Amino acid sequence: MTNEASTSSAALSKVLLKLMALITVVLNIFDATVALENGLGLTPPMGFNTWNKFACDIHEDLVKDMAHAMVDSGLDKLGYQYINLDDCWQITRNETGYIVEDPNAFPSGMASLIAHVHDLGLKFGLYSDAGLRTCAIRPGSLGYETKDAVLYAEWEVDFLKYDNCWNLGKDLKTRYQTMSDALNATGRPIFFSLCEWGDQDPATWAQPIGNMWRTFQDIRNDWNWILSCLDYNDKWHQYAGPGGWNDPDILEVGNGVLSIAESRSHFTLWALVKAPLLLGNDLRNMTSDVFEIISNEEVIALNQDPLGIQGNKRLSMNETEVWAGELSNNEYAIVLFNRSDKEAEIVAKFDEIGIASNSPFFVRDIWMHEDLGIAHSGMVTATVASHDVAAFRLKPVFPPTLRGKYHNIA
């Protein structure tokens, strides 16, 4: 194809996208719910994000490497779908106001890179900002929401992380709603991730605007800070559900600071609380211990359970905690978490943590991958190492219709 023909084709694509956007807006006048739903995020997203490990040191070969590593390792088969490019990919805007990728880092162009990722069976995410500039002082989307959304749809972007730097003090909810409307108007389903750092308690208002929302400041590769992200996220647990998730930020597992016990706890608790499982480590260079953690299918299953209820902290005593959550088919997940610096015995009595104790459960240890038998005593217990977890899945012995006949069994 000649350059002239290619330019004409691109121009026609933009015209068609704009026409489709206009038609969608008109339809939305008659059905306001269309603009508020995109059918995405029925379970928390899983994938990879560049920021934690690479920050602004990004380029197209790196992104391709991460995508191939995702597939070659088999992580894609476990549900990890998104390859998300964070800040620093954009460089300027052209004479018509459309965003331009950094030609040095992405010489083939963003459309070509996204097509490569799609050819591997994966999805692709981009980053922008609800302000004049991004946090790395690249061009933001404030005032350009429609142009950016149309171009993202033309590129076939699947996910947008939308930050909150350089916002000029303009109303936060309006800025995020504007981009949400622009994305929906394109007609392309694009997962919308609000990253306003929990400043205005987005769990209380963001459900009709986005598919997930940050509940706290940026995560750091630091054990105590990770716990701060977890704790602040927990206060909003009742607001999460299919289509909209609390986001305590990207995983730090595999970035060389956390111990194996801490990495296991980090991953398990993120899974239990239905946080997005977005890996933030170099997928090309993982130890077997790190891979074992992020590929634990039984832990991932807690996160991807279709019931979509966020687990939460149910009990705390002397730096030991019991976290639990309801699962589909009347099952439960229990995580015994030891924050202390010493080994500790942790007991979870069902009636103390909101689990009916009038019928028995089959108990499975999902880190040891062992069936432990039936919990007749109405509790589970384990000796848990410092900063580590023990995690269990409970399945009722009797189906719900028979429980009344066996109410004395405990």
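Only a predicted model underlies this, so the values are computations on that prediction, with no experimental measurement involved.
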Where do Asn338 and Ser340 land on the side chain to side chain donor-acceptor pair (under 3.5 Å) test, with the steps shown first? CA-CA 6 Å; Asn338 181 9; Ser340 77; 2.6 Å; yes
Less than 6.0 angstrom separating the ring centers of Phe124 and Tyr82, yes or no? no
Carefully, step by step, assess Leu113 and Val63 under the rule side-chain contact (heavy atoms from CB on, under 4.5 Å). CA-CA 8 Å; Leu113 176 59; Val63 176; 4.0 Å; yes
Taking only Lys NZ, Arg NE, NH1 and NH2, and the carboxylate oxygens of Asp or Glu, determine whether Lys173 and Asp171 approach each other closer than 4.0 Å. no
For Trp236 and Phe216, what are the C-alpha separation, side-chain angles and deciding distance, and is it a ring pair (Phe, Tyr, Trp, His ring centres under 6.0 Å)? CA-CA 11 Å; Trp236 307 111; Phe216 195 56; over 10 Å; no
For atom CH2 of Trp197, is the number of surrounding heavy atoms from other residues, nucleotides or ligands below 6.0 Å larger than 12? yes
Answer yes or no: is there a side-chain heavy-atom contact under 4.5 Å between Arg264 and Ile260? yes
Intermediate values then yes/no, side chain to side chain donor-acceptor pair (under 3.5 Å), Gln177 and Asp181: CA-CA 6 Å; Gln177 183 71 66; Asp181 291 343; 2.9 Å; yes
Measure from NZ or CZ of Lys395 to the centre of the six-membered ring of Phe362 and say whether it is under 6.0 Å with the direction within 45° of the ring axis. no
Evaluate the criterion ring pair (Phe, Tyr, Trp, His ring centres under 6.0 Å) for residue pair Phe48 and Tyr80; output intermediate values, then yes/no. CA-CA 8 Å; Phe48 164 81; Tyr80 293 97; over 10 Å; no
Stepwise side-chain contact (heavy atoms from CB on, under 4.5 Å) check, Leu168 with Leu142: CA-CA 9 Å; Leu168 306 182; Leu142 185 63; 3.9 Å; yes
Strictly distance-based, threshold 3.5 Å: is any side-chain N or O of Asp86 a donor or acceptor partner for the main-chain N or O of Tyr127? no
I need the minimum non-hydrogen distance between Leu327 and Lys274, along with the two atoms involved. CD2-NZ, 4.3 Å
Could you measure the distance from the OG1 atom of Thr178 to the CG atom of Leu183? Nearest 0.5 Å is fine. 11.0 Å
Atom CG of Asp61 and atom OG of Ser108: how far apart are they, to the nearest 0.5 Å? 8.0 Å
Nearest-0.5 Å distance that lies between atom OG1 in Thr134 and atom CG in Asn164: 12.0 Å
Taking NZ, NE, NH1 and NH2 as the nitrogens, is one of them in Glu298 or Arg364 under 4.0 Å from a carboxylate oxygen of the other? yes
Measuring from Glu60:CD to Asp102:CG, what's the distance to the nearest 0.5 Å? 10.5 Å
Any side-chain heavy atom of Trp89 within less than 4.5 Å of one from Ile99? yes
Please find out if less than 6.0 Å separates the ring center of Trp245 from that of Phe191. no
Heavy-atom distance under 4.5 Å between the side chains of Ile190 and Phe159, does that happen here? no
Does the pair Asp87/Arg138 count as a salt bridge with the N-to-O cut at 4.0 Å? no
Just so I know, are the side chains of Arg220 and Asp218 near enough to count as touching, which here means a heavy-atom distance under 4.5 Å? no
Any side-chain heavy atom of Leu160 within less than 4.5 Å of one from Met179? yes
How far apart are the closest heavy atoms of Asn233 and Val273, and which atoms are they? ND2-CG2, 4.0 Å
Is the Trp223 ring parallel, tilted or perpendicular to the Phe337 ring (thresholds 30°, 60°)? perpendicular
Would you please indicate if the ring centroids of His266 and His387 are separated by under 6.0 Å? no
Does a donor on one side chain sit under 3.5 Å from an acceptor on the other, for Thr43 and Gln304? yes
4.5 Å side-chain heavy-atom contact, Trp213 and Thr215: yes
Have Asp76 and Gln81 got a donor and an acceptor in their side chains that come within less than 3.5 Å? no
Return yes if some donor-acceptor pair links the side-chain N/O of Asp305 with the main-chain N/O of Leu307 below 3.5 Å, else return no. yes
Sorted by chain and residue number, the salt bridge (Lys or Arg N to Asp or Glu O under 4.0 Å) partners of Glu321 (sequence neighbours excluded) come out as Lys313, Arg339
Using 4.0 Å as the upper bound for N to carboxylate O, is an ion pair formed by Arg93 and Asp148? yes
Side-chain contact, heavy-atom cut-off 4.5 Å: His68 with Arg284? no
So Phe291 and Leu283, do their side chains get closer than 4.5 Å, heavy atoms only? no
Glu352, CD: over 12 other non-hydrogen atoms inside 6.0 angstrom: yes
Which pairs, with at least one residue in residues 241-262 and sequence neighbours excluded, count as a salt bridge (Lys or Arg N to Asp or Glu O under 4.0 Å)? Arg214-Asp249
With a 3.5 Å distance limit and no angle check, can you tell me whether Asp129 reaches the backbone of Gly140 through a side-chain donor-acceptor pair? no
Aromatic ring proximity Phe350/Phe361, centre distance under 6.0 Å: yes
Inter-residue atom distance Leu278.CG - Ile250.CD1, 0.5 Å rounding: 6.5 Å
Compare every heavy atom of Leu315 with every heavy atom of Val347, then report the nearest pair and how far apart it is. O-CD2, 4.4 Å
Testing the basics here: between Val322 and Ala348, what is the closest heavy-atom pair and its distance to 0.1 Å? CG1-CB, 3.7 Å
Chi angles and distances behind the side-chain contact (heavy atoms from CB on, under 4.5 Å) call for Ile293, Trp367: CA-CA 9 Å; Ile293 289 170; Trp367 275 111; 4.1 Å; yes
Could you walk me through whether Asn211 and Asn38 pass side chain to side chain donor-acceptor pair (under 3.5 Å), step by step? CA-CA 9 Å; Asn211 300 109; Asn38 58 14; 2.9 Å; yes
Calculate, to the nearest 0.5 Å, the distance between atoms CG and CD1 belonging to Asp158 and Ile83 respectively. 11.0 Å
If you compare all heavy atoms of Cys195 against all heavy atoms of Asp163, which two are closest, and at what distance to 0.1 Å? O-OD1, 3.2 Å
Going through the checks in order, is the side-chain contact (heavy atoms from CB on, under 4.5 Å) test met by Leu122 and Val71? CA-CA 8 Å; Leu122 301 173; Val71 173; 3.9 Å; yes
Decide, yes or no, whether a salt bridge links Glu326 with Arg314 under the criterion of side-chain N to carboxylate O below 4.0 Å. yes
Taking Gly131's backbone N and O only, do any of them form a donor-acceptor pair with Asn167's side chain (distance below 3.5 Å, no angle check)? no
Between Asp234 and Asn312, is the side chain to side chain donor-acceptor pair (under 3.5 Å) condition met? List the steps. CA-CA 6 Å; Asp234 186 48; Asn312 65 299; 4.8 Å; no
Are any side-chain N or O atoms of Ser180 and backbone N or O atoms of Ile209, one a donor and one an acceptor, separated by less than 3.5 Å? yes
Can you tell me if Asp119 has over 12 outside heavy atoms packed within less than 6.0 Å of its CG? yes
Give me the atom names and distance for the closest heavy-atom approach of Asp57 to Leu62. O-CD2, 3.7 Å
